[in-house]
Every structure is written in C-alpha cells, then in structure tokens.
Amino acid sequence: MIEVSHIYKSFGTFRAVNDVSFSIPTGQIVGLLGPNGAGKTTTMRMITGFLEPSAGTILIDGQNIQDNPVEVKKKIGYMPESAPLYGEMIVKDYLEYIAAMQGQDPSVKVPELCRECGLKEVMSKNISELSRGNRQRVALAHALMNDPEILILDEPTSGLDPNQVEDVREIIREIGKTKTVIISTHILSEVETLCSNIIIISDGQVVANSPTEELKAQFGHALTVKVTVDSNSVDAAITALESNSDVDSIAVSEKKDGKNNLCVLSICIKGNKEIRPQIIESLVKAKCGVYEMSLHKNSLEDIFHLLTAEKSEEK
C-alpha cells in the first residue's frame, strides 16, 4: 500500500507540489493525471525516492521511504518518460547487466521478462536500432527486473503507433493483475481503459481522487446541448434560452463553415432533463437561424478540463 501524506516540494521559491495526500491500496491500477507542470512527475519521483519531499511523509507498506530508502526501493519499479537505456548495448546483454546489478539471476529473469514483455524478436539487436515501441518494452523489462510490488510508469505509450499502444496496454493489464501500478499519461482514453482509480493533480494539489466510475458519475452526468446558429442570431438566442429554468449556463464559440458565419451555443442542462424540444421552440420564436443540434454527455476529457481549469482560475 502507498500512503502519501501532506507532501510538499519546493524548488527555490517555486512550490511544485503543495500539500498532496492520497493512498493507493495494493493491487490497483491508478491513473495520475494533470496538465503539464501540475506536479505529477515530481510526485512520482518522490514516491520512488529520486527526490526528497520538502515536507510530509511517504509510506510504502508502512515503511517511510526516507528512513528505509534501500528496502523500500526494492519494492518499486520505475519507468520514466525518457527511459535512460544504453543504446550501444544489445538488448540481451543490457538486460543481463541490469539483472546482475540488481542481484537477480540473469539466466532466470531475462528469459522470463523476454516472454512477459514480448522481446523475443529483438533480443540480439542493439537498443539504438529499436523502434520506439520496442525501446519502451525494454524499459518496461528493466522496471520489472526486481519483481517489484509497485510499478510506476510515466507516459508509457508516448510516441507509439496505435498497434504498439495496444501491445503495451495489454502488458500493463497483465502486470496489474498481480501488482500495484501507477500510470501518468495525457491519453485519457488510456486511463479510462486501464485504471480503476483516478487521481488528478492541478497546480501542485489534488483536485480529484476517486474510482473511475464514481468520478464519471459525479462530474460526467451533466448534459450539454450544442446548437449551431447564425452569428447574427446569437444575442437573441441567448436571451431566449436564459429564460428556461433548466438551462444552467451557455457558452459561445465561433465555427467556420465555408461562407456561413456561424456560432456554437454550448447549453449546459441542469440534471438530465430532456429539453431539446423547448430549446427548438424558444429559438424558433426568437427567429434564430438554427443549423445543427446535438446532445453531448461529459467525457473524461470534459471532467479533466472542468477540474483543472477551475483550479487554475482560483489562482
């Protein structure tokens, strides 16, 4: 189990992580999300022991990583976004070298990881000759070398093609059956597919921490009706729609459509009421030119934007 309690990390006058707390039970795949510069990577580096918190505590299975760094680090495998591999080495030699460095039996661990990470076809190649996807597999094998209880992956599918992405995801799914996995990624569909719990960090603070389905239920139930209207009708349309008590808010954005000068009204609905007929009726009465209408339910991307944008606006 990972227990992060009130951790801070400052670099000079800049506070990258500001009072972050969360716990992760054994055997979960957790998504750690946030905008660029939110503090995700700094948080992961403190969990792995690469960085020391300015304040707060991190416990791994009840052990403080600062008090017992060597023992705690034996429980953790870490794959940074830009994995530091020795490009001039052959894959097999590299993995045998890492096994020996970590006190593992190369004759046992290397064939095992070769199968687990799908490296059979590249074991005799130089790492510098590998595709991005196969380098990620080698980095993953490195992170798994000491059979860690916890695996921390920073952007594990970054730069991969769709086939490589699915291959790496399948490996992570299998690993997640027996280990605790933390994934940091900007690919929200990946989190939705793989993770049972989501932690969102924005401006160095946790803004959400809950099971994926609960997070979607809490923030993802809101309905938005998007209506495309003639730009000349925007003011009349907003006036007409604001009189409806079931309309929560209206946002306006421009839309390019050939010679037509159009705007999109994003109408947030209170609850889950069906008010499209009333919207059409209101717009017709206001003599607005309507081109399109669609119903939209908040996705994980919408929830991410809602939570991180709100946090940024508070500053």
Side-chain angles (χ1 to χ4, degrees), residues 1-11 15-35 37-81 102 140 143-156 172-173 175-185 190-192 194-219 303-304 307-308 311:
M1 183 172 186
I2 302 170
E3 296 176 84
V4 175
S5 180
H6 302 289
I7 60 170
Y8 295 78
K9 184 60 183 179
S10 297
F11 298 95
R15 180 164 286 174
V17 175
N18 185 18
D19 195 18
V20 164
S21 297
F22 58 80
S23 61
I24 300 175
T26 302
Q28 277 194 355
I29 301 181
V30 175
L32 184 62
L33 307 180
K40 307 183 302 298
T41 297
T42 301
T43 298
M44 287 190 295
R45 287 176 177 170
M46 286 190 283
I47 294 173
T48 59
F50 278 83
L51 288 176
E52 184 175 339
S54 301
T57 58
I58 298 171
L59 304 181
I60 307 294
D61 291 340
Q63 290 185 295
N64 190 317
I65 192 167
Q66 294 179 61
D67 296 338
N68 304 284
V70 175
E71 288 303 310
V72 171
K73 287 178 184 179
K74 289 179 181 178
K75 300 174 182 284
I76 300 171
Y78 177 41
M79 189 177 97
E81 182 177 359
Q102 296 190 4
L140 190 56
L144 291 167
M145 185 63 72
N146 63 332
D147 194 23
E149 298 172 17
I150 297 165
L151 186 63
I152 299 177
L153 308 173
D154 194 355
E155 299 288 351
I172 293 172
R173 287 189 192 99
I175 293 169
K177 292 178 181 179
T178 57
K179 303 181 187 300
T180 301
V181 182
I182 301 176
I183 301 173
S184 174
T185 179
E190 188 162 85
V191 173
E192 202 162 6
L194 292 173
C195 301
S196 57
N197 202 81
I198 294 175
I199 299 169
I200 301 178
I201 294 178
S202 183
D203 293 316
Q205 295 182 306
V206 173
V207 295
N209 179 9
S210 68
T212 306
E213 293 306 315
E214 286 186 17
L215 187 67
K216 290 165 68 177
Q218 182 180 358
F219 295 100
I303 297 167
F304 176 86
L307 292 171
T308 58
K311 184 63 185 173

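All heavy atoms count here, side chains included; hydrogens, waters and symmetry mates do not.
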Write down the atom of [X], the atom of [Y], and the distance for their closest heavy-atom approach.
X     : Y     : result
Pro25 : Ser23 : CD-O, 4.0 Å
Tyr78 : Arg45 : OH-CG, 3.7 Å
Lys40 : Pro35 : NZ-O, 3.2 Å
Gly56 : Gln66 : O-NE2, 3.7 Å
Met46 : Tyr8  : SD-O, 4.1 Å
Ile58 : Pro53 : CD1-CG, 4.1 Å

Ignoring hydrogens and geometry, is there a side-chain-to-backbone donor-acceptor pair from [X] to [Y] under 3.5 Å?
X      : Y      : result
Asn18  : Gln205 : no
Thr212 : Cys195 : yes
Thr26  : Met1   : yes
Ser21  : His6   : yes

Quick one: are [X] and [Y] in side-chain contact, heavy atoms under 4.5 Å?
X      : Y      : result
Thr43  : Ile199 : no
Val30  : Phe22  : no
Thr41  : Glu81  : no
Leu140 : Leu151 : yes
Lys9   : Ser54  : yes
Lys179 : Leu144 : yes
Thr48  : Lys73  : no
Ile182 : Ile2   : yes

To the closest 0.5 Å, what do you measure between [atom1] ([X]) and [atom2] ([Y])?
X      : Y      : atom1 : atom2 : value
Ile183 : Leu194 : CD1   : CG    : 5.0 Å
Ile47  : Ile65  : CD1   : CD1   : 8.5 Å
Leu33  : Leu307 : CG    : CG    : 10.0 Å
Ile7   : Glu52  : CD1   : CD    : 12.0 Å
Glu192 : Ile303 : CD    : CD1   : 8.0 Å
Ser5   : Leu59  : OG    : CG    : 7.5 Å

Test log, rule side-chain contact (heavy atoms from CB on, under 4.5 Å), inputs Leu51 and Phe11: CA-CA 11 Å; Leu51 288 176; Phe11 298 95; 4.1 Å; yes
Should we count CZ of Phe50 as having more than 12 external heavy atoms under 6.0 Å?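 Check fails, neighbour count at 12 or below.
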Qualifying residue for side chain to side chain contact (heavy atoms under 4.5 Å, CB included) with Ile24, from Thr180, Asn197, Val181, Leu32: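 Considering Thr180, Asn197, Val181, Leu32, a side chain to side chain contact (heavy atoms under 4.5 Å, CB included) with Ile24 is found only for Thr180.
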